[in-house]
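Here's the structure, in structure tokens; my notes come after.
Order of listing sets the numbers, starting from 1, for every ligand and every atom in it. For reference, positions follow the sequence shown, starting with 1.
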Amino acid sequence: MTARIIDGKAVARHLRAEYASRVERLKSQHGVQPGIAVILVGDNPASQVYVRNKIRACQETGIHSELHQMSADTPETELLARIDSLNADPKVHGILVQLPLPPHIVVPHVLERIAVEKDVDGFHLYNVGGLVTGNTVFPPCTPYGVQKLLEYEKVEIAGRNVVVVGASNIVGKPMALMLMQQDATVCICHKLTRDLGQFTMLADILVVAAGVPELIVPQMVKTGVVVIDVGINRLPDGRLVGDVDFEGVRKKASLISPVPGGVGPMTITMLLHNTLISAERSLGITPKDAPTA
Ligand code: GUN
């Protein structure tokens, strides 16, 4: 068996085109342009690249974006005051504080200050907790992107064995909860899991977000598995690889996401989606693709 390869770029392009036309409709029919405020504290080079990419994607989709650049020594109180004013700003439907933050700032203070209905990153404790009951206002963007990819590829979830490798708060744990909500049988493996292969071998659907280059090799998966690789790792020779040995595992899988070009393009796409949904909700519109709140 050789796997069909998921084209994340094409799925993202398709979804972004749909979002752009919905943005246009909001502007022309309601005079409202969806808007996002991105707060960047300090000058972390990786964060600067991520923020630039998010802002470019907003521009391409017709979403208003504003960058709030604050110096690394900004007191926490000043950052919280900025969030308060954005919470009250009707032009802003989404607020994102880029992480990591400088060490003197307490991250939960910041994330919990963002109004839940503007928390397009899905990091507010209410949104995190809402995943348990399926009542989140906004799911976090990376696992949401994986869910959309599986949906787009018509992968059946209910009753299947899903193994999630990696138990981070941003990807692994929310991913597991979202798939449980769809009636999968879910197992989460992490750094201390003994004999990882014994678990991954049971997976009908394997989602890997471990941050370990090429951790998953063919002997660890069963024939016909669906593999979603969330990892992005730069090797010493400069190559970009995922957490899955792509060339090996694709020979056993039925469907596999590549790195790059798989999950990556979906993360920002879901940020655009959440911002659009927030603007639509502010007008009393409940689109069919909105998460249940
Ligand atoms: N830093 C790395 N990834 C993310 C993300 O998805 N959201 C935010 N706010 N910060 C990040």
Checklist entry - Taking non-hydrogen atoms only, is Leu96 closer than 4.0 angstrom to ligand 1 via side chain, backbone, both or neither? => result side chain
Item to check | Shortest protein contact, atom 11 (C) of ligand 1 (heavy atom only) | outcome: Gln98 NE2, 3.3 Å
Item to check | N-O pairing of Asp7 and Lys9 below 4.0 Å | outcome: no
Checklist entry - Any salt bridge between Lys91 and Glu66, counting N to O under 4.0 Å? => result no
Next on the checklist: Does any N or O of ligand 1 fall below 3.5 Å from an N or O anywhere on Phe123, backbone included?
Outcome noted: no
Checklist entry - Does ligand 1 have a heavy atom under 4.0 Å from the side chain of Asp121, from its backbone, from both, or from neither? => result side chain
Next on the checklist: Salt bridge check, Lys154 against Glu151: does any charged N sit closer than 4.0 Å to a carboxylate O?
Outcome noted: no
Checklist entry - So which heavy atom in the protein is nearest atom 1 (N) of ligand 1, and how far is it from that ligand atom? => result Leu99 O, 2.9 Å
Next on the checklist: List ligand 1 atoms under 4.0 Å from Val97, heavy atoms only on the residue side.
Outcome noted: 8 (C), 9 (N)
Next on the checklist: Other residues, nucleotides and ligands only: do more than 12 of their heavy atoms fall within 6.0 Å of OH on Tyr152?
Outcome noted: yes
Checklist entry - Can Glu18 and Arg22 be counted as an ion pair, charged N to O under 4.0 angstrom? => result yes
